[in-house]
Structures are given as structure tokens and as C-alpha cells.
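Written out below as C-alpha cells is the structure these notes cover.
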Amino acid sequence: MVDRRRVAIVTGAGSGIGRAVARALLQAEYRVVLAGRHDDALRATLADVPTARDHALVVPTDVTDATAVRRLFERVAERWGRTDVLFNNAGVFGQNAPVNEVAVEQWRSVVDTNLTGSFLCAQAAFRAMKAQSPQGGRIINNGSISAHVPRPHAIAYTVTKHAITGLTKAISLEGRAFKIACGQVDIGNAVTDLSANIARGAQQADGSVAVEPMMDVRHAADAVLYMAGLPLEANVATNMPFIGRG
């Protein structure tokens, strides 16, 4: 029997939303490539996943390094021959500070990971999806609710997440001709290590601190799983006169 499992790459798969999505994809019978900085964290994601031995590939990757990203996609091509889905998820929050106090090094660190890293992975996925046969695939960018509205003292994170929306729209437009769909999931307060401070109380626009509602991370994983399973002709404005205005 031919195994027709689709191949999905998840960046930032060693924790949080990336971990939940990688596990959900494996449970849904995908072949899953787990990318992230730390090999031990990636392997911890696979704990107690029965299909991991045959259907998971761990590739430690620094998404800010163009050479490392290229090698990631080469490993995927060598192992499984194609890329059907990229969940572009790796990201950091950065320094929590007023605009006038943000260190340049912190700004660059967040931009390098959240924006440049997302671009490098999307570019590599686009190249693979354009060249493979059958052609096409789906890129899902993790935007966050911060792609729409800011938090106080989070300028680098806010700016990079707004930029992810531009990345998504540009890839969606250029991907039309090659059956490459690109969408974005803008997740709110999912319970992860990254959101731990929010669960204890987050600064509001009026200067007060309030505990905010949280959702189980599995709901975020379900949303990504749903998007990954859509046929390539189904996307927000894949071929409609909205992105690109025509």
C-alpha cells in the first residue's frame, strides 16, 4: 500500500503552539518535520507520539540563518521528496519595555527571528512547492492578534507581527500561479510558556494590570490543522479580486 501522507514542516516545534501543532499533525497522519533551535526540546515534543518513529523528522534549525534554512528543506526533500505544508511559527516576544528604552540589539533579535526567519522559511517553501510535482502547497504564517492591535511596551513584537500580514498577502498574491496558498492564523491568548506572564496579569493601555482570558493551546492547533487540510483552491482570496486588487 502506498503511503500518501502529506509532509508538513513546523518551525518553533520545540514548545508552545509549535509543539501542539506538530503533535496534532502527526495524530492526523501527516509526516511532520520539526524545526527549532534545540534538539532536546524537539524530541520532547515527540514523547508518547506512537507514529513519531516512522513519520517524524527532527532537524535542529536556526531560522535566522539562511544556510540552516536551506539545509532544513534539503533534508526534507531527501527524506520525503516534497513539502505540502509549512507552519511558519518560530518567534520571540523580546524585551518588554517602553519605546524609548528598547535596546537596538533586542529590536534586531526580534526582527531577525519573527520577520526575517519567517521570510527565509516561506521563501524556501515557495521554491520547493513551485518546483515539485504535483506542484503547490500551503504556507500558514503565525501572525498573532498583535498583527492587528498592539500591547503596551511590545513595539518589536507588534511591528514584526504586523509585517507578517504583509508577508502573507505578498506570498498569497505571487503563489496563485503555482497553486501555492498562503494564509495566516492570528491567535490570541493561548496557554503556552510564552504567554505565562499574561496569565498572571498583563499591562493594559490605561496602565492597569489585568488577568486576561486564556484558551487551551489545542484550539490553536485545531485551527492550524483545519487550514492545513483545506484544498489548495480554498483560501482567503486565493484567486479572488482582493489581494493585489485584481
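These numbers come from a predicted model, not from an experiment.
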Quick check: are there more than 12 heavy atoms from other residues, nucleotides or ligands sitting under 6.0 Å from [atom1] of [X]?
X      : atom1 : value
Asn100 : CG    : yes
Arg108 : CZ    : no
Leu230 : CG    : yes

[atom1]/[X] to [atom2]/[Y] distance, rounded to the nearest 0.5 angstrom?
X      : Y      : atom1 : atom2 : value
Ile164 : Asn141 : CD1   : CG    : 5.5 Å
Leu120 : Thr113 : CG    : OG1   : 10.5 Å
Ile9   : Phe87  : CD1   : CZ    : 13.5 Å
Ile17  : His219 : CD1   : NE2   : 12.5 Å
Leu167 : Lys161 : CG    : NZ    : 10.5 Å
Arg138 : Thr83  : CZ    : OG1   : 15.0 Å

Next item on the list: Spell out, yes or no, whether Val99 and Trp107 are grouped together once hydrophobic residues are joined by side-chain heavy atoms under 4.5 Å, including indirect joins.
Entry: yes
If I compare all heavy atoms of [X] with all of [Y], which pair ends up nearest, and what's the gap?
X      : Y      : value
Ala97  : Val102 : O-CG2, 3.8 Å
Thr158 : Pro150 : CG2-CB, 3.6 Å
Leu115 : Ala163 : CD1-CB, 3.7 Å
Arg19  : Thr45  : NE-OG1, 2.8 Å
His162 : Val149 : CE1-N, 4.1 Å
Cys182 : Ile171 : CB-CG2, 3.6 Å

Check: So Phe126 and Phe178, would you call those rings parallel, tilted or perpendicular, with 30° and 60° as cut-offs?
Finding: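 Phe126 vs Phe178 ring planes: perpendicular.
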Quick check: does any side chain N or O of [X] sit under 3.5 Å from a backbone N or O of [Y], one acting as donor and the other as acceptor?
X      : Y      : value
Asn88  : Ser118 : yes
Gln184 : Thr168 : no
Asp186 : Ser144 : yes
Thr61  : Val59  : yes
Arg82  : Pro134 : yes
Gln95  : Ala103 : yes
Gln132 : Gly136 : yes
Arg75  : Val33  : no

Would you say that [X] contacts [Y] through its side chain, given a criterion of any heavy-atom pair below 4.5 Å between the two side chains?
X      : Y      : answer
Val110 : Val159 : no
Gln135 : Lys130 : yes
Ile187 : Asn142 : yes

Item checked: side chain to side chain contact (heavy atoms under 4.5 Å, CB included) between Ile180 and Ile139, worked out -> CA-CA 7 Å; Ile180 299 171; Ile139 298 168; 4.2 Å; yes
Item checked: Donor-acceptor pair between Arg6 and Tyr30 side chains, under 3.5 angstrom ->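 Yes, side-chain donor-acceptor contact under 3.5 Å.
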Notebook entry, point to check: Do Asp112 and Thr64 have a side chain donor and acceptor closer than 3.5 Å?
Noted result: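 Short answer, no.
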Next item on the list: Report the residue from Leu46, Val10, Asp39, Leu25 that forms a side-chain contact (heavy atoms from CB on, under 4.5 Å) with Leu34.
Entry: Leu46
Checklist line | Those residues that, when tested against His38, pass side chain to side chain contact (heavy atoms under 4.5 Å, CB included) (two or more places apart) | finding: Asp40, Ala41
Notebook entry, point to check: Could you walk me through whether Val92 and Asn114 pass the side chain to side chain contact (heavy atoms under 4.5 Å, CB included) check?
Noted result: CA-CA 7 Å; Val92 295; Asn114 295 6; 3.8 Å; yes
